Amino acid sequence: MDIKELISEEKIKARIKQIAEVIQKDFKNEEIILICVLKGATFFATELAKNISSPVIIDFIKVSSYKGSQSTGVIQFDLNISENIKDKNVIIVEDIIDTGRTLTYLKSYLEERNPKNLKICTLLDKKERREFDLESDYVCFEIPDKFVVGYGLDYDEKYRNLPYIGYIE
Ligand code: IMP
Ligand code: MG
């Protein structure tokens, strides 16, 4: 498979550091629960967490979306969070927003648990692909409509371990 570099490891790290500083300021050094959306956001969530010096709790959630016989995608839970997020500062950490379906669903699901704040932080945003009215509060990089891999993102479960973000032609 021919993979071309889109964003280098250095640029990713530098940008995550910037976003971590913005988050820390926004939350005034209060405790934050980062909810990492498995599997893609793992590399991003750990790097983000390492760059936040206020107290951080890390939790995980795993959802999968599959297309049934109808054209509407259905979302199901494979793993739920273990923390009680009521009255807490919560940030959903995602690898990429494409149509926005996954996060629209996740956001309303978590909102029902009455967190004090619920924000979205994404590594990548493919804005032009959006089908749902969803905005991310923190975006590291807006990218064009290309299929990307690396830094946690997969193609058929492979290439997550690439240290940079590349695209498949
Ligand atoms: P959405 O629900 O359409 O926003 O899709 C988001 C999910 O689709 C992400 O969490 C990824 O798992 C996957 N995805 C979307 N675009 C890409 C891509 O370019 N590379 C790898 N995974 C992608
Ligand atoms: Mg994926």
Side-chain angles (χ1 to χ4, degrees), residues 7 11-68 72-143 145 148 150-154 160 165:
I7 310 169
K11 278 196 182 142
I12 298 169
K13 283 202 166 177
R15 180 67 180 141
I16 294 175
K17 192 164 186 277
Q18 279 184 341
I19 292 286
E21 281 163 12
V22 175
I23 288 173
Q24 202 169 311
K25 265 196 202 138
D26 286 357
F27 287 89
K28 303 181 174 66
N29 293 312
E30 284 177 22
E31 183 182 278
I32 300 167
I33 300 181
L34 297 180
I35 300 183
C36 170
V37 184
L38 294 174
K39 299 174 186 171
T42 46
F43 291 61
F44 176 40
T46 50
E47 186 66 20
L48 185 70
K50 284 191 284 178
N51 282 281
I52 297 174
S53 56
S54 34
V56 165
I57 289 172
I58 300 178
D59 206 346
F60 299 93
I61 199 162
K62 188 168 191 282
V63 291
S64 47
S65 102
Y66 57 88
K67 301 241 189 254
T72 48
V74 181
I75 303 240
Q76 65 174 24
F77 278 99
D78 298 330
L79 176 78
N80 212 330
I81 54 169
S82 58
E83 292 295 323
N84 180 0
I85 62 168
K86 189 174 187 301
D87 301 327
K88 301 289 176 95
N89 297 310
V90 178
I91 304 178
I92 307 172
V93 183
E94 177 62 303
D95 55 356
I96 186 166
I97 308 177
D98 186 34
T99 64
R101 173 179 288 116
T102 311
L103 279 181
T104 300
Y105 178 78
L106 261 185
K107 201 180 172 191
S108 67
Y109 174 79
L110 294 171
E111 202 79 72
E112 283 171 21
R113 296 183 171 205
N114 300 310
K116 180 177 170 192
N117 285 294
L118 183 61
K119 304 282 184 196
I120 295 173
C121 178
T122 190
L123 178 63
L124 305 173
D125 193 351
K126 273 192 211 173
K127 270 230 162 102
E128 59 192 274
R129 294 259 310 161
R130 202 73 96 252
E131 291 173 23
F132 292 76
D133 182 19
L134 179 100
E135 284 280 337
S136 181
D137 302 279
Y138 306 100
V139 177
C140 291
F141 303 98
E142 268 188 39
I143 60 162
D145 183 14
V148 289
Y151 210 82
L153 291 119
D154 74 302
R160 291 193 199 276
I165 292 162

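Keep in mind that what you see is a predicted model, and the values were worked out from it rather than measured.
Taking 4.0 Å as the cut-off between side-chain N and carboxylate O, Asp95 and Lys39 do not count as a salt-bridged pair. Salt bridge status for Lys17 with Glu21: present, with a side-chain N to carboxylate O gap under 4.0 Å.
Contact of the Phe43 side chain with the Leu123 side chain is not registered, since no non-hydrogen atoms from C-beta on lie closer than 4.5 Å. Between Ile61 and Asn80 the shortest side-chain heavy-atom distance falls below 4.5 Å. With contacts defined as side-chain heavy-atom distances shorter than 4.5 Å, the pair Ile81/Leu110 qualifies. The shortest side-chain heavy-atom distance between Ile32 and Ser54 falls under the 4.5 Å cut-off. Using a 4.5 Å heavy-atom cutoff, the side chains of Asn51 and Gln24 are not in contact.
Between Cys140 and Ile19 the shortest heavy-atom distance is SG-CG1, 3.7 Å. Scanning both residues, Glu94 and Phe44, for their nearest heavy atoms gives O-CD2, 3.5 Å. Between Ala41 and Val93 the shortest heavy-atom distance is CB-O, 3.2 Å. Here the shortest heavy-atom pairing between Ile16 and Tyr151 reads CD1-OH, 3.7 Å. Contact detail for Phe141 and Arg15: the closest heavy-atom pair is CZ-CB, 3.4 Å.
With sequence neighbours left out, Thr46 forms a side chain to side chain contact (heavy atoms under 4.5 Å, CB included) with no residue at all. Every ring pair (Phe, Tyr, Trp, His ring centres under 6.0 Å) that Tyr109 has, sequence neighbours left out, goes to Phe77. Annotation: side-chain hydrogen bond (donor to acceptor under 3.5 Å, both in side chains) contacts of Asp26 (sequence neighbours excluded): Tyr138. Under the rule for a side chain to side chain contact (heavy atoms under 4.5 Å, CB included), the partners of Thr42 that lie at least two apart in sequence or sit in another chain are Cys36, Leu38. The side chain to side chain contact (heavy atoms under 4.5 Å, CB included) search around Lys88 returns Glu31, Ile33, Val90, not counting sequence neighbours. Residues passing the side chain to side chain contact (heavy atoms under 4.5 Å, CB included) test with Asp145, sequence neighbours excluded: Lys126, Glu128, Arg129.
Of the candidates Ile165, Ile7, Asp125, Ile143 forms a side chain to side chain contact (heavy atoms under 4.5 Å, CB included) with just one, namely Ile7. Checked options Arg130, Glu135, Glu142; the residue passing with Ile97 is Arg130 (criterion: side chain to side chain contact (heavy atoms under 4.5 Å, CB included)).
With hydrogens and angles disregarded, no donor-acceptor distance shorter than 3.5 Å links the side chain of Asp154 to the backbone of Arg160. Put simply, the side chain of Arg113 never gets that close to the backbone of Ile85: no donor and acceptor are under 3.5 Å apart.
Taken to the nearest 0.5 Å, the CG atom of Leu134 stands 5.5 Å off from the CG atom of Leu103. The structure places CD of Glu47 at 5.0 Å from NZ of Lys13, a figure rounded to the nearest 0.5 Å. Put simply, CD1 on Ile91 and CD1 on Ile23 are 4.0 Å apart, with the number rounded to the nearest 0.5 Å. One distance of note links OG of Ser53 with CG of Asn29; it measures 6.0 Å at 0.5 Å rounding. How far OG of Ser136 is from CD1 of Ile96: 11.5 Å, rounded to the nearest 0.5 Å. Taken to the nearest 0.5 Å, the CD1 atom of Ile35 stands 11.5 Å off from the CD1 atom of Ile58.
Residue Asp78 places its CG atom among more than 12 non-hydrogen atoms of other residues, nucleotides or ligands, all under 6.0 Å distant.
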